[in-house]
Amino acid sequence: MTNQRVVSGMRPTGKLHLGHLAGALWNWVPLQDQYDCFYFVADWHALTSEYADTSRITGHALENVADWIGAGLDPERSTFFVQSMVPEHAELFLLLQMVTPVAWLERVPTYKEQQDALKDKDLSTIGFLGYPLLQTADVTMYGAHFVPVGDDQVAHLELAREAVRRFNNLFGDVLVEPQPLLSKFSRLPGIEGDKKMSKSVGNTIHLSDDATTVQHKVRQMYTDPKRVRADIPGTVEGNPVFTYHDAFNPDCGEVEDLKTRYRAGKVGDVEVKTKLAAAINAVLDPVRERRAAALARPGYLKDVIVEGSRRARGIANETMERVRAAVRLKY
Ligand code: TRP
């Protein structure tokens, strides 16, 4: 293990699903063996789009942490914390705002994309514009060298590096430029065949779904619509059922055999989907078990985030001491 730091966060906007497992958590878990890892609940980031109804954020936060433990993250080896419990993030964000041109933030592609995608929300706020810069504060606070993310976050880290360079040019070498660590499966499609699985629509298999629910959802999954009978050759590429087989079925021989027969019109959807549901349930069984054990211990998850946030805050205070000195605001 090196003493290099890894930092990543998730917005507590809903239940976690298979997209989070393949796109984030499977990336986060093995990093625990190599780095000093900090994983956090980005509740202020959730507020940037959910400010009109904040009632479910803390509930989602604790459930998400249970899912992390389910997926194999270990609060004894990694530091789990909550962004708003380390208010120094807001101070560093404010100082970064002083040196970051508005145009840099307006240029980040997700800014306009999200405004178009979430038309029912007013995302013309300063908070939403500042999203990637708050993220910059999140990672530079801990001197993160690496930030495991999906490819949708690469532009945010580019902005982060630009902002850090400008800050360091003005105030000296105080902040570390973060690099993304891309996950292998960054964009799992939704089960209805949408481009990306998303927490906001009923288009997902949750880590908390029981085996029967998984079977039911897999049976409903979108597949090749041209294939109205089992003897019609089907398309594997871009077919979500096979994308999920690739991601979750460890039996590559079985997956190859299904693909060959699917292309040849020699397998029914029922067989392909039954095998997929079995594979997903085999992946989720240990996740469910660890998740349930964490939830069953009264007060445990709360203790984990309180203790982790206390630890994170110690480091945040050291960073802010250096930053305040660099900015020459130490009295
Ligand atoms: N923007 C990230 C996402 O939507 C969440 C996030 C907030 C984050 N702060 C971060 C990720 C810092 C990595 C590092 O997935």
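In listed order, ligands and their atoms are each counted from 1.
Every atom of ligand 1 is numbered from 1 in the order shown, and the set under 4.0 Å from a heavy atom of His45 is 7 (C), 9 (N). Within ligand 1, the atoms closer than 4.0 Å to a non-hydrogen atom of Val147 are 13 (C), 14 (C), numbered from 1 in the order shown. Interface atoms of ligand 1 facing Ala42, defined by a heavy-atom separation under 4.0 Å, are 7 (C). The Val139 neighbourhood of ligand 1 comprises atoms 12 (C), 14 (C), with distances under 4.0 Å to a heavy atom of that residue. For ligand 1, the atoms lying closer than 4.0 Å to a non-hydrogen atom of Phe40 are 9 (N), 10 (C), 12 (C). Near Arg11, the atoms of ligand 1 lying under 4.0 angstrom from a non-hydrogen atom of the residue are 4 (O).
When every heavy atom of Leu105 is checked against every heavy atom of Gly130, the shortest pair comes out as CD1-CA, 4.4 Å. The two residues Ser309 and Val86 come nearest to each other via the heavy atoms O-CG2, 3.9 Å. When all heavy atoms of Glu50 and Arg11 are compared, the pair lying nearest together is OE2-NH2, 4.3 Å.
Of the possible polar contacts, one joining the Arg5 side chain to the Tyr142 backbone as a donor-acceptor pair under 3.5 Å is found. Although no hydrogens or angles enter the test, the distance criterion places no donor-acceptor pair under 3.5 Å between the side chain of Glu88 and the main chain of Arg313.
Distance from atom 9 (N) of ligand 1 to its nearest protein heavy atom, with residue and atom name: Asp138 OD2, 2.8 Å. The single protein non-hydrogen atom nearest to atom 8 (C) of ligand 1 is Gln135 NE2, 3.6 Å, given as residue, atom name and distance. For atom 2 (C) of ligand 1, the closest heavy atom belonging to the protein is Gln153 OE1, 3.4 Å. Among all protein heavy atoms, the one lying closest to atom 5 (C) of ligand 1 is Gly9 O, 3.5 Å.
The aromatic rings of Trp68 and Trp28 lie perpendicular to each other, with more than 60° between the two planes, well past the 30° mark.
Between Tyr131 and ligand 1, an N or O atom pair is found at a separation short of 3.5 Å.
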For the pair Tyr111 and Leu129, evaluate side-chain contact (heavy atoms from CB on, under 4.5 Å) and give the outcome as yes or no after the intermediate values. CA-CA 7 Å; Tyr111 178 59; Leu129 178 67; 3.5 Å; yes
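Figure legend: Arg227 and Tyr262 shown as a cation-pi pair, the cationic atom lying under 6.0 angstrom from the six-membered ring centre and within 45 degrees of its axis.
The option from Ser8, Ala144, Ala160, Pro132 that lies nearest to atom 13 (C) of ligand 1, judged by heavy atoms, is Ser8.
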